[in-house]
Structures are given as structure tokens and as C-alpha cells.
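Lettering follows sequence order; numbering is per chain, from 1. As a basis for the values below, the full set of heavy atoms in this structure was taken, side chains included, without hydrogen atoms, waters or symmetry mates.
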Amino acid sequence: MSIDRFYPMRVRFAPSPTGALHIGGARAALYNWLMARGSAGTMVLRIEDTDRERSTEENVEQILDALRWLQIDWDEGPISQVSRSERHGEVLQQLLDAGHAYRTNATGEDVKAYKAQHGQDRGFRGTAEADGAVRLRVPDDGATVVHDLVRGDTTFQHVHLDDPVIARADGTALYNFAVAVDDADARITHVVRGEDHLSNTPKQLLVYQAMGVTPPLFAHLPLLHGPDGKKLSKRHGAASVQELRDAGYLPAAVRNYIALLGWGDTDDETLISTDELSRRFDVSRVSKNPAQFDEKKLRWMNGRYLRELELDELTAELEAFTGRAGLREAVAISREKIQTLADFWPLAGFIFDGPSTEDEKAQAKWLTDEGRASLQASHEALSALPEWTLEAIEEALQGVVAGREAKPKDVFQPIRVALAGTAVSPGIFETLHVLGRDASLERIAAAT
RNA sequence: GCCCCUAUGGUCUAGUGGUUAUGACGCCGCCCUUUCACGGCGGAGAUCCCGGGUUCGAGCCCCGGUGGGGGUACCA
């Protein structure tokens, strides 16, 4: 086999539209994309929709949306696997004619019975019939070795393999067959996908062999787990890309985090731009064991990305996320206190919608007689201000602190509660400044 | 049951026969400080899953267990 067979790289992401794009799928897509972009290669998007029962157009759209949001693009496709059924039928007939495959009506029960008789570790072998589903003939001797870029060689003894069903009785192709035909025709060089496909690979390799085609290189990625070590699911919070978007994460942060989930190189950097990622990503360095999705680390990383955005950019993101306008000033004083887009409104929404009434504990703690007396003094000092500037506000309030011989927080916290209704908010001088004189004085008076 | 993969602090990882076992998240403390954060500094936390081997020497190599995961569909 020539080295030219594998370069330039042609990779693919081939989701099945049976649900939303999960984080594990997003990672597979990202790894493929990084390989293509890092090597001037080509990224093919194929929709594996041969399961007509479970595949829906809505799911296809949802997956495409998720990829676009992640800014993972593709050069060819999306191509529906079903649209290639004619070609599948053609190859199927070739395998049938060549004796590499045969028709049989054997059922799951028959397979069970066969194993009961020949041993559990003996792969099922059927006999050719005039009609029925199509099975690939697996030789009894020998073995198929999967040369995996992340795992090394894995040997599957043919005796253990069942003759796989590659087409239904009606002639429609099944996954293990369609995937091999399509990858071969698309001249895919590297198949990078989840580990759940590792045991399918020998079957696919056998299809390539029957077709007389050189197979691509394979890399199987470890699966993603939730915090409890079990398969990642909705129970763990965000499990799909859509949920990540709704939770207020930035695509760039998600890409960075996901790239590092199960992959690392010798460099210690944690914050890596997508460009840098595509330059450095090496699939052979992907870790072999399943990784737990740690949302806390994603939150931290997202906060870092958030703070690196220009104010106007972040404002635009937040206005799109909240559906509100005129957020710029509030964003400016809140940006270092939030980790996700979703954190913004709970922190700063009071500036626009008035103080929250929900935090009774904060109100009971700070709006005491003492607190109200302090508020009154603050009100007087602020009312007297000729100019509503940040400096003037700070000076006036520090004057109140000094005048009352109080601790700063005994003056500032009551103001915070008066303005926000809670004990947490952006800086108090900044908040007063952004809120403006009238609203500020009004809220302080109302709480006094 | 059978086939296959896998195993470094709570989590993600670096490590490729000789290190006080790397960095990050999280956690704790200190500094900053009007709250919460951000930022800075420091700290705790790992019998490198267990048991055998190979070797002068093993987290790294081999064998066997155990735990975890995947597959075992006329799903993908």
C-alpha cells in the first residue's frame, strides 16, 4: 500500500441523527476537524441515517446547528447515507456474486441455538438460502487485526466473530456494510470515532477485504463519562451541545475544554486557541481511558475566555443571550464576576429590573435600624453631589464611612441590598454610577 | 455467558527503565478587598488498581487477577 493512500488526510464525522449531538460526538467531530485543518486535509460530513425508524430530519438539523455553533465546518456533505443505497446495492450484489456474502433467514434465536451447540465463543455461521437477510462470510481461520492509532494493534480471532448481517431482507444496507462502502468510496484516510465502534471494526475490515479495497487508518476515542463514572447523560446536567449553549458557554471555550478531555501533549498549557490546537493535535496521543466530563473546569475555562473578549463583543454575546439591549455599562462592571453568559442576569439584572425581593436573609441582615440610619446618611451625601461621577460617588461614600466611624461594609452592604435586593452585586460605586443618580437615590430612599 | 478495550492525587493529564512523579480544575489558607468574584502567593491531596515475574533498578516491559467501560440487533 502506498503512503499516498493516506495523505492528504480525508477525515469524516458521521453522526446518526437519532438524537441531539452529544458532547462525545462533538469531541469526535472536533478531533476530526482539527486533523483536517491542521494538515490541509478535507473534512467530510455524512449522516448515518440507515435506521429509518429512528432517524429524523429535525435531528439532522439539530446536529448541523450544533456543529455550526461550535464553528466546526466541513468541506463535503452533509451526505445522507440512504441517498447512496443504489451504490450499496451494487456492492452488495458483487459480494453475493463473489461468494463473500450469502442470504439466510437465520434469526437471533438460530444464532443462540448455534452457540448453545458449538460454544459461546464460537461465531455464528449460516448456510446460504435463496432469500433472506445478507450476511458476510467470516472465515473460521485466521484473525483480523485492527491497527488503531490510539490503542495499537487489537486482534480479533475470526472464530469468535458471527457472520454479520450486512443488509436486511429487503436489500437495504446495515451500518457495518454501508459505513465501509461509504468510507471507501469517499477515500477516507482516517476514521476517528468513539470506542463503541472498536468491536465493529473487524467486521468493517472484512468488508473492505471482500471489496478488495485498502482500508483507512483507524483511531478509537475513549467514551465520555459523567461525574459518577457512568456514561454521560442528562442526569449530569449538560450532555448535549445544545445544553452547553443554553448554559451560557462560549464555543471557543467548549472547543478548548473538549480537546483536552482525553488528550494532552507535553506542553503544560491549558488555555489553547483553536488555531494552536489544530497545529498541535495528534490523535496518537489521545488517552486510552474514558474521561469524566467535569463541568467545573469548563466553567473556569469559560470564565477565562469570557474575560478575554472585547467589551463590545461580550456585550453582543450577552444581549443575544438575554434578549435585552443596552447592557454595555452593566457588562463592563460585571465581566470579572461571571463564568458563563447565564451568570450575568442573576448578578446584574437588578440594574434593569429593580431590586430582587427574594433574598430575605440579606434584607434582614443589612436593613436593620442601624443599616437604615446608614442608608439615610448615604442618601444625604449622595444627594448633595454636584456631579454623578465614579470618583465623586466613592469620595462621598468614604466620607460617610469616616463620618459614622463605621466599617466600610456597614455602609456599603445596606446600599447594595437597597439597590440589588441581595448581598452580592458588582462593585458598589460602579453600580451606583451605572444606575444613575435618580434610580440610585430612589432605591436607597425606598429601603430606608 | 462470550469477545474486546482500559487503569497515575476527587477530576483531566505529563511521564515512555534510574524524577523530591508534571501541570491544570476543584479544595484549604494568606494577600488584595465594600459583597461576590478576578488576580497574586502558598498548601493539603497519589501504597502510580492488586499479585507475581523480567531487571542492578519498574509508574513505565511480561503474565495473572480485580475494578471500570464497550460490543454481543435484519440499531448506529
For A:Arg285, report the nucleic acid contact type (base, sugar-phosphate, nothing); a contact means any heavy atom under 4.0 Å. sugar-phosphate
The criterion is side chain to side chain contact (heavy atoms under 4.5 Å, CB included); which residues satisfy it with A:Val165, sequence neighbours excluded? A:Ala133, A:Arg135, A:Leu174
Scan A:Ser287 against the nucleic acid and name what it touches under 4.0 Å (heavy atoms): base, sugar-phosphate only, or nothing. sugar-phosphate
Can you give one letter per nucleotide of nucleotides 29-45 of chain B, 5' to 3': B if a protein heavy atom sits under 4.0 Å from the base, S if only from the sugar-phosphate, - if neither? -----BBBBSS------
Is B:rG67 paired to anything, Watson-Crick or G-U wobble with both distances less than 3.5 Å, and if yes, which nucleotide? B:rU6
What residues form a side chain to side chain contact (heavy atoms under 4.5 Å, CB included) with A:Arg328, not counting sequence neighbours? A:Leu311, A:Asp312, A:Thr315
G-U wobble or Watson-Crick pairing nucleotide for B:rC41 (cut-off 3.5 Å, both distances): B:rG29
Residues which pass ring pair (Phe, Tyr, Trp, His ring centres under 6.0 Å) with A:Tyr31, listed by chain and number, not counting sequence neighbours: A:Phe281
Over how many whole Å does the gap from A:Asp148 atom CG to B:rU6 atom C1' extend? 13 Å
Working to the nearest 0.5 Å, report the span between CD of A:Gln204 and OG1 of A:Thr144. 11.5 Å
Can you tell me whether the side chain of A:Lys297 and the base of B:rA24 have a donor-acceptor pair closer than 3.5 Å? yes
Whole-Å distance between B:rA14 C1' and A:Asp282 CG? 15 Å
Pairing residues for A:Ser278 by the side chain to side chain contact (heavy atoms under 4.5 Å, CB included) criterion, not counting sequence neighbours: A:Leu34, A:Arg37
Assign a letter to each nucleotide of nucleotides 62-76 of chain B from its 5' end: B, base within under 4.0 Å of a protein heavy atom; S, sugar-phosphate only; -, no contact. -------SBS--BBB
